[in-house]
Amino acid sequence: LSTGTDFVILGADVLDGGYTESTSLRRLFLGTLAERCGLNVTIAGFSFSDRATPRIKRFLRERCQGFRLVCRDPRSAARVSETMGRKIPSSADLAFLLPKPETPSPAAAEAYETARAWKAQGGGAIAFNINARAILSTHPQIGVARCSKALAETLTRLHDKTGCGLLLLSHDNRKGISDLGFLKSLRADLPDHVPVAMPEAPMRPGDVKLLCAQAEMTITGRMHMGIASLGVETPTCFYDYQGKIQGLLELIGQPDMRFDAEDIVDVDRFSEAMLARYETRAARRAQLAERLPAIRARSETNIDAILGVG
C-alpha cells in the first residue's frame, strides 16, 4: 500500500452489512489501513440500505471521515449523509455505462433470433428473471414450488393478454437454488402454449442488454439485469430487496416499478399489476429516453471519483 497514492473500493451493494457484516467491515478496514499509509481513499458507486447494521454505521462515522464517498443513488446518499454528519454526493450505477453489442454471442444467439421472430410476427417478448435466493432467504415459508407455480401462472396470464413470448434470462448459473435452476422449474410449470426462450449457457453482460432490447418489458429480481434493461429504454419492474431498489427507481422517475414476495404469491394482484405496467410501456419508454443521458452522465462521475477528478 505504501507504494501507491490512491486506494479505491467499488462499494456496489456490499458495504452496509446486508449480505455479511464481517465482509463489509473488512472492506472498510482495508480503507483505514490505506489511509494510514498516506493514500487517498475513495469508496465509489455503492448503495446503502435502511437496514445498515449499527456496527457499520459506527465504523463509517468514527473511522472513515477522511474517505471520499460517492453513493450510486440519492436515497443511499441521504442515508450515508445522516450517518457521516456531512453531505455525501450521489451518482448512478456504473452498469449504466455497459455497452450494447451489435450481435449476440453464441450463448445468446438462439434466444435473440427467437425474440426478433416474435416481434416480426406481431407479438413481442417479456424478459424475466428472478432471484430465488433473495426471496427464500426472507420468506422461506413460500418455498420453491409455490413460488414457481405462482410466477408461472402470472406469466401465463401476461402471455394470454399480450401475446408476448417469454425470455427467461439467468444471472446466476450456480448449482442449487440459482437463477438457472429456478427458471428450469418455472419453465416446467408453464403450459405448452406459452412460447419460451431460455439460454442455459453463461452469457456476457452485454448479451443480457441486447436481449432486453428486444423486450417490451422486463421483470427482474436482479438489479444489474434491470439496469441493463433500463439502459436500452425497456420498462423494467424490479423485485424490491435489501432496500437498494427504491433509490434506483427514484432516479429514473418510476417509483412504482417494483414488487415484493407477497405480490408474487397473490397471483390475481400481481398479474393485474404487471399488465397495468405493460400497458403503460410506451410512456415509460419515452421517460427513460429522456432521463438516460443525465443518468449516464451521473454514472461517469464514479470514474471522476476514482481518478480523483472534481
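Scored by the ring pair (Phe, Tyr, Trp, His ring centres under 6.0 Å) test, His159 finds His193 as partners (sequence neighbours excluded). Considering only residues two or more places apart in sequence or on other chains, Gln65 meets the side chain to side chain donor-acceptor pair (under 3.5 Å) condition with Arg86. Residues satisfying the salt bridge (Lys or Arg N to Asp or Glu O under 4.0 Å) criterion with Glu21, sequence neighbours excluded, are Arg55. By the salt bridge (Lys or Arg N to Asp or Glu O under 4.0 Å) test, Arg204 is found to be paired with Asp207, residues two or more places apart in sequence or in another chain being considered. Contacts of Arg281 classified as salt bridge (Lys or Arg N to Asp or Glu O under 4.0 Å), with partners at least two apart in sequence or in another chain: Glu216. Every residue meeting the salt bridge (Lys or Arg N to Asp or Glu O under 4.0 Å) condition with Glu153, not counting sequence neighbours, appears here in chain and number order: Arg157. Considering only residues two or more places apart in sequence or on other chains, Ser76 meets the side chain to side chain donor-acceptor pair (under 3.5 Å) condition with Asp73. Every residue meeting the side chain to side chain donor-acceptor pair (under 3.5 Å) condition with Gln246, not counting sequence neighbours, appears here in chain and number order: Arg75, Asp240. Applying the ring pair (Phe, Tyr, Trp, His ring centres under 6.0 Å) criterion to Phe270, with sequence neighbours excluded, gives Phe259. Residues satisfying the side chain to side chain donor-acceptor pair (under 3.5 Å) test with Glu82, not counting sequence neighbours, are none.
Gln214 places a side-chain N or O within 3.5 Å of a backbone atom of Leu210 that can act as its donor or acceptor partner. Looking only at distances, a side-chain donor or acceptor of Asn302 sits under 3.5 Å from a matching main-chain atom of Ala92. No side-chain donor-acceptor contact under 3.5 Å links Glu250 to the backbone of Pro74. Proximity of a side-chain donor or acceptor of Asp263 to a complementary backbone N or O of Asp260 within less than 3.5 Å is detected. A distance-only check finds no donor-acceptor pair linking the side chain of Thr234 to the backbone of Leu230 [under 3.5 Å].
Among all heavy-atom pairs drawn from Ala197 and Thr114, the shortest one is CB-CG2, 4.1 Å. Contact detail for Leu211 and Pro199: the closest heavy-atom pair is CD1-CG, 4.4 Å.
Within 6.0 Å of CD on Glu110 lie no more than 12 heavy atoms contributed by other residues, nucleotides or ligands.
Ring geometry for Phe48 against Phe46 counts as perpendicular: the plane angle is over 60°, on a 0 to 90° scale with 30° as the lower cut.
Under the ring-ring contact (aromatic ring centres under 6.0 Å, His included) criterion, no residue pair touches residues 106-133, with sequence neighbours excluded.
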Please report the C-alpha distance between Thr23 and Arg26 in whole Å, then the side-chain angles of each, then the deciding distance to 0.1 Å, and finally whether the side-chain hydrogen bond (donor to acceptor under 3.5 Å, both in side chains) criterion is met. CA-CA 5 Å; Thr23 301; Arg26 280 198 297 272; 3.3 Å; yes
Donor-acceptor pairs are to be reported for all side-chain atoms of residues 4-19 against protein atoms at under 3.5 Å, with residues two or more places apart or in another chain.
unit_1, atom_1, unit_2, atom_2, d
Asp13, OD2, Tyr19, OH, 3.1
Asp13, OD2, Lys244, NZ, 2.3
Asp16, OD1, Gly18, N, 2.9
Asp16, OD2, Ser49, N, 2.9
Asp16, OD2, Ser49, OG, 3.3
Tyr19, OH, Gln242, OE1, 3.4
Tyr19, OH, Lys244, NZ, 3.4

